[in-house]
Amino acid sequence: MLETAGKSLDPKDWTAFRAQAHRMLDDMLDYTEGLNSNPVWQPMPAELQTTLRQPLAEKTLADAHADFMQKILPYAVGNPHPRFMGWVHGGGTPVGMVAEMLAAGLNANLGGRNQAPVEIERQVMRWVRDLFGFPETASGLFVTGTSMANLIGCLCARTNVLSAEVRQNGLRNAPELTAYTSNTAHISVGQALDISGIGTAALRKISVNKNYEMDVEALEQAIISDKHAGKTPFLVVATVGSVDVGAIDDLQKIAALCEREKIWFHIDGAFGALAMLAPELAPRLGGIERADSIAFDFHKWGQVPYDAGFILVRDGDIHQQTFASPAAYLQRHERGLSDNSPWACDLGLDLSRGFRALKTWFTLSVYGEEKLGQVIAHTCELAQYLKQQIEITPELELLAPVALNIVCFRYCCDEANRVNTELVITLQESGIAAPSSTTLNGHVAIRAAIVNHRTTKNDIDILLAAVLKFGNTLTSSKP
Ligand SMILES: *Cc1c(COP(=O)(O)O)cnc(C)c1O
């Protein structure tokens with residue numbers, strides 16, 4: 001237990017606390033500096049699991065820190081490591097880490113009120129607005145992640161078609177709404193329909209072409225046939241950087257269709273939208289500026305530590321109508337702490353919220369847009385390098401086109417699905433590299449998502465060598 005000054009929770013001995021705090025900072029910097037010599041991931045030993053499942057115990061700060069170093073830090077997922085390539089996880093940065101510490105020290109509540117931290121969030125919002133070519137009437141805010149941002153986009157689309165009256169009356173007298181996305185879209189799109197009361201049955205999952213992009217003709221047909229059946233199409237969700245293969249839907253064509261049909265055009269750009277930072281990639285996102293709302297994460301390609309998602313809405317009025325609620329204790333005044341409307345609580349589901357903007361503001365300011373764009377472009381170059389190596393290696397087969405930074409491939413052999421599933425698990429357990437797996441057209445794929453700014457060509461070579469080694473062992477050890 002920490003010895004405190006009376007009933008306060010502050011330390012009695014600030015000098016000792018300061019020394020301990022500095023040790024904690026140094027340990028995290030050592031960890032980050034030495035990432036490459038650690039395994040990417042290792043399973044928790046059974047006895048550790050047992051220890052961690054015991055009830056909380058009182059301890060000193062130094063002991064809690066020692067526990068962290070021995071029992072927690074070595075057994076995390078490993079996404080800061082250069083050879084973590086599973087799912088789409090950001091690597092984080094030391095700048096983001098120390099900024100997060102400053103935010104925690106300030107303990108700001110970003111629900112609203114008249115304070116500089118709110119202005120920092122707005123500054124980032126304006127930066128986002130300019131990046132995506134949105135007008136000054138746009139509004140936006142930090143959220144946990146793209147899952148939440150997709151929900152907010154869906155709720156704004158619901159206000160757009162039914163007016164804010166839906167907030168009082170629900171969907172009872174509403175027309176039957178329908179929404180559209182590709183059949184490779186992220187699960188949070190269906191979840192948004194579910195939670196907004198419209199229901200997942202209203203979501204039409206449109207087929208994709210051979211590049212895994214939404215088939216815009218099939219989309220148009222689905223909209224026409226729903227209209228003929230008396231339904232009201234209200235939302236199209238396009239994807240920039242699909243979960244499985246990183247595909248980018250044809251934003252110009254979808255924008256034109258939505259404008260013609262007066263349907264809300266939302267983009268799930270969870271990791272892909274920040275490709276706008278790389279001049280060589282940005283043209284491929286042409287049409288993003290025509291969206292009604294964009295959901296994306298700073299915590300993936302933006303390298304900001306978790307969590308830092310963002311929602312941007314073209315029409316700030318619709319955004320506010322969707323969430324603002326009168327409440328006596330949230331009343332605004334022209335002066336004092338309750339000035340500075342609109343507040344974040346007028347634009348989303350949370351009242352109390354942390355200062356996610358600070359670590360993002362530090363990341364954007366200290367590294368700069370150009371450097372972050374280069375990191376993003378470099379991960380795509382590494383994906384192309386991996387693709388080329390796969391193409392010249394007879395044991396390996398590419399399973400999907402490489403649009404951005406995700407490469408899906410497999411080790412060729414009998415019983416390929418079983419072997420490749422096992423191969424991915426073996427790779428993860430080896431601690432050498434950690435891709436994840438997915439299934440494409442019935443084939444189990446090794447899926448390498450290159451997101452981390454620390455990943456180099458050498459890491460790709462290490463991954464390839466390990467795939468070949470384990471593939472060979474798994475296929476030659478048959479009974
Ligand atoms: C990661 C991801 C999401 C979900 O984002 P979270 O930040 O995890 O909530 C949604 N869509 C796509 C395409 C993603 O890659």
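Every number for a ligand or one of its atoms is a count from 1 in the order of the listing.
Defined by atom type and a distance below 3.5 Å, a donor-acceptor pair is missing between the side-chain atoms of Tyr306 and Asn79. Between the side chains of Ser188 and Asn150, a donor-acceptor pair is found at a separation under 3.5 Å.
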Under 3.5 Å, N/O to N/O: give me all the pairs between ligand 1 and the protein, one per line with atom names and distance.
| from | atom 1 | to | atom 2 | distance (Å) |
| --- | --- | --- | --- | --- |
| ligand 1 | 5 (O) | Asp297 | OD2 | 3.4 |
| ligand 1 | 7 (O) | Thr146 | N | 3.1 |
| ligand 1 | 7 (O) | Asp297 | OD1 | 3.2 |
| ligand 1 | 7 (O) | Asp297 | OD2 | 2.7 |
| ligand 1 | 7 (O) | His299 | NE2 | 3.0 |
| ligand 1 | 9 (O) | Thr146 | N | 3.3 |
| ligand 1 | 9 (O) | Ser147 | N | 2.9 |
| ligand 1 | 9 (O) | Ser147 | OG | 2.7 |
| ligand 1 | 11 (N) | Asp268 | OD1 | 3.2 |
| ligand 1 | 11 (N) | Asp268 | OD2 | 2.7 |
| ligand 1 | 15 (O) | Lys300 | NZ | 3.0 |

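With sequence neighbours left out, Asp297 forms a salt bridge (charged side-chain N to carboxylate O under 4.0 Å, His left out) with Lys300.
In this structure, Arg353 CZ and Thr144 OG1 are separated by 10.0 Å, a value rounded to the nearest 0.5 Å.
A salt bridge is absent between Glu213 and Lys253; no separation between the charged side-chain nitrogens and carboxylate oxygens falls under 4.0 Å.
Under the side chain to side chain contact (heavy atoms under 4.5 Å, CB included) test applied with Asn405, the options Asn452, Thr455, Thr379, Leu386 reduce to a single match, Thr379.
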